[in-house]
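Position 1 is the first residue of the sequence, and the numbers go up from there. We count ligands from 1, going down the list as the structure has it; atoms in each ligand are counted the same way. Since the model is a prediction, treat every value here as computed from it, not as a measurement.
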Amino acid sequence: MQVVHTAAELRAALAGQTGTAFMPTMGNLHAGHVSLIELAKRHGGPVVASIFVNPLQFGAGEDFERYPRTLQADCEKLAAAGCELVFAPDLAELYPVPQTFTVQPPGSLANDLCGAFRPGHFSGVATVVLKLFNLVQPRVAVFGKKDFQQLFVIRELVRQFNLPIEIVAGATLRDADGLALSSRNAYLGDSERIQAAQLQRELAAIVASVQAGERDFEALAASAVRRLKMAGWRVDYVALRDAETLQVPTPASPQLVALGAAWLGNTRLIDNIEAALGNPA
Ligand code: PAF
């Protein structure tokens, strides 16, 4: 596996390659990322991963500084998973001049759900992903479903800018107690780690109620928020949405998604669970 740090090296390494499958990451990789590499490999072409902690998507006071930088260990995992090329630029390489041109997703998307609590986050994500797509020029790009709203933003980015890239979504991997794998789980203390699976359990309970016929979506979300708060969480939001539009569901919505974001101490966790309506699990 080759590791390159500059756009010029990347271009040289990709010369003559077609059908590239790409996985952008911020590093500190876990089994969820490895499963995305395995998904990328199914597309036949060379597999490229990027590792870059993107300052544009972090707000003031967020964890940009303390986000774990673990390049060596990440490269070992990527090589073992069969990745062929890693692009790990530094800040000056990706942002040689201040990034005054940015992608602005519409407010209805960028300021909703996670965006309501992380102003500018999805603009930062969309901007860096567009830059990475332009550098790597993949045919396929893989993203995890755990970042459900991010996946939605990227699909819209690709659609509205006519990018010739197929977006492939990988399932969320979970620990035995249901906690979704996330680079940020490493921030959790021992007792927080035990408590952390509650977010997933609350979302699963909402989905079970919906599948049993309950249609008061707001009441379901409010109950989950109440239980999380009683257990000591600081809740950003719990919501039920149409999984295809990310809008408030209608009776005709075929697929729902229960989403939540909440804090345990200094750690913000997000999760989601999809559910087919009227289709008991
Ligand atoms: O999901 C992530 O790791 C990041 O948001 C991404 C897509 C690599 C952009 O920085």
Side-chain angles (χ1 to χ4, degrees), residues 5 7 10 20-37 39-40 47-59 62-71 73-75 77-78 81 83 85-91 93-95 99 102-105 109-110 113-115 117-136 138 140-158 161 163 165-173 180-187 259 261 267-272:
H5 298 282
L10 177 69
T20 302
F22 177 44
M23 176 181 72
T25 81
M26 297 204 302
N28 196 26
L29 305 183
H30 49 68
H33 295 104
V34 171
S35 75
L36 292 180
I37 290 287
L39 194 56
V47 174
V48 180
S50 64
I51 298 177
F52 179 69
V53 185
N54 171 38
L56 252 53
Q57 68 189 77
F58 289 80
E62 291 190 348
D63 57 342
F64 174 69
E65 305 293 346
R66 71 169 175 144
Y67 201 90
R69 273 82 166 165
T70 52
L71 183 62
D74 291 343
C75 287
K77 287 178 191 158
L78 289 169
C83 180
L85 177 62
V86 176
F87 177 46
D90 66 12
L91 265 176
E93 184 66 24
L94 214 53
Y95 297 117
Q99 188 70 34
T102 56
V103 179
Q104 300 296 336
L109 180 55
L113 300 170
C114 281
F117 298 88
R118 304 189 68 190
H121 171 68
F122 289 113
S123 172
V125 169
T127 301
V128 81
V129 168
L130 181 60
K131 285 170 75 88
L132 291 167
F133 281 173
N134 286 334
L135 287 160
V136 176
V140 171
V142 293
F143 292 86
K145 281 192 179 187
K146 189 184 136 282
D147 297 296
F148 198 88
Q149 191 177 7
Q150 167 173 285
L151 179 62
F152 193 90
V153 167
I154 289 162
R155 284 194 195 283
E156 278 305 295
L157 172 83
V158 163
F161 285 108
L163 304 179
I165 300 170
E166 180 190 346
I167 301 299
V168 174
T172 301
L173 258 59
L181 298 192
S182 162
S183 302
R184 289 187 169 98
N185 292 353
Y187 298 155
L259 308 112
T267 308
R268 184 176 189 270
L269 298 176
I270 62 171
D271 205 345
N272 68 84

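- Using a 4.0 Å cut-off to heavy atoms of Q150, the atoms of ligand 1 that qualify are 1 (O), 2 (C), 4 (C), 5 (O), 7 (C).
- In V128, the part holding a heavy atom less than 4.0 Å from any atom of ligand 1 is the side chain.
- Environment of NZ in K145: sparse, with no more than 12 heavy atoms of neighbouring residues, nucleotides or ligands closer than 6.0 Å.
- Residue contact check: P24 has heavy atoms under 4.0 Å from atoms 8 (C) of ligand 1.
- When the ring pair (Phe, Tyr, Trp, His ring centres under 6.0 Å) test is applied to F133, no partner is found at least two apart in sequence or on another chain.
- Across all non-hydrogen atoms, the minimal contact from Q149 to L109 is NE2-O, 3.0 Å.
- Each of the atoms 4 (C), 5 (O), 9 (C), 10 (O) of ligand 1 lies under 4.0 Å from some heavy atom of Q57.
- Judged as a ring pair (Phe, Tyr, Trp, His ring centres under 6.0 Å), and not counting sequence neighbours, the contacts of Y95 are F52.
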